[in-house]
Amino acid sequence: MSKRMFFGKKEEEKKEKQIALVDQDDELEKEISLLTKGDKGSVSKVISEVEGTIKEATKASIRDVKLLEEGRCPSCGRKTKQFLFTTVCEYCGWSTFITPEKGHALIHLKDGNIVESKSMFQIVQGDILGITDDVVRIRIPSGNISYIEYVWADEEIAARREQRRREERVVCDWCQKEVDRDEYVAVIYAAIGTNQVRYQFCSEKCKRSFEKQYPMRIHRNCYERSCAECNECVKKYEDEVTMEKLEEKKERPEKKV
Ligand SMILES: [Zn+2]
Ligand SMILES: [Zn+2]
Ligand SMILES: [Zn+2]
């Protein structure tokens with residue numbers, strides 16, 4: 001089981017939540033009926049508050065994912081450093097990491113004892129929960145922990161390396177040649193239909209050939225102007241102006257553990 005500290009496995013989480021909610025449902029129903037007797041308005045106010053919270057959280061998640069996709073820190077907007085299973089922001093200290101799927105974690109306690117756990121989470125109170133086979137086996141106050149060791153399986157690291165290698169390669173949209181992400185020179189954002197699309201080329205020559213082959217429609221001139229100045233197509237990629245605005249944002253209201 002891969003445990004991502006910040007982005008949980010949605011499906012499994014949903015299932016877990018549903019199970020937990022069954023018990024709470026009766027309680028909730030009682031409380032709602034009490035409220036409706038006295039004050040119908042406050043119930044709908046609570047519901048709209050919940051909806052508002054969900055909407056805000058969704059917006060924040062989309063923003064985080066978008067920033068991460070661009071290699072930016074969700075907390076301060078600056079460039080992050082990517083490691084095999086970990087992303088770190090050198091500027092503000094934000095980090096995300098995936099703990100071993102095939103391996104496990106060893107929690108070294110201050111008294112010298114070692115606790116093994118398949119995965120771990122730090123809860124709001126600061127304690128560490130050791131989870132194995134979907135069950136919390138141990139809860140350790142963080143003050144008792146000396147350090148945590150992650151034990152990785154070689155095959156998992158090798159598989160990830162291979163995945164990263166493939167991600168770092170770019171296939172030229174003109175000649176199909178595969179090049180290193182660092183090597184490729186030309187990028188075009190263009191809307192040949194209604195959607196903005198990113199095309200990547202191994203060389204200026206391939207880029208020009210593409211432009212010649214696929215001229216823009218008369219009222220659009222994607223090749224000549226920046227996407228920031230265009231509002232004719234459906235945008236999929238952040239423009240530089242948006243990125244600058246995000247960078248200006250210093251602190252986010254909600255802090256992740
Ligand atoms: Zn940062
Ligand atoms: Zn090419
Ligand atoms: Zn456009």
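All ligand and atom numbering here is 1-based and tracks the order in the structure. Note that the structure is predicted; figures quoted are calculated from it, not measured. The residues of the chain are indexed from 1 along the displayed sequence.
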Show the numbers, then the answer: is there a side chain to side chain contact (heavy atoms under 4.5 Å, CB included) between Q196 and V234? CA-CA 6 Å; Q196 178 199 38; V234 181; over 6 Å; no
Using the rule given for side chain to side chain contact (heavy atoms under 4.5 Å, CB included), can you reason through I114 versus L109, listing the C-alpha separation, both sets of side-chain angles and the distance that settles it, and then say yes or no? CA-CA 6 Å; I114 301 167; L109 302 177; over 6 Å; no
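Formation of a donor-acceptor pair under 3.5 Å by the E156 side chain with backbone atoms of K102 is found in this model.
Here the angle centred on the Zn ion (ligand 2), running from SG of C206 over to SG of C175, is 110°, rounded to 10°. Rounded to 10°, the angle formed at the Zn ion (ligand 2) by C172 SG and C202 SG is 120°. Take the Zn ion (ligand 1) as the corner point: the lines to SG of C76 and to SG of C92 open at 120°, to the nearest 10 degrees. Of the angles at the Zn ion (ligand 1), the one spanning SG of C73 and SG of C89 is 110° when given to 10°.
The six-membered or imidazole ring of F85 lies near that of W152, with a centre-to-centre distance under 6.0 Å.
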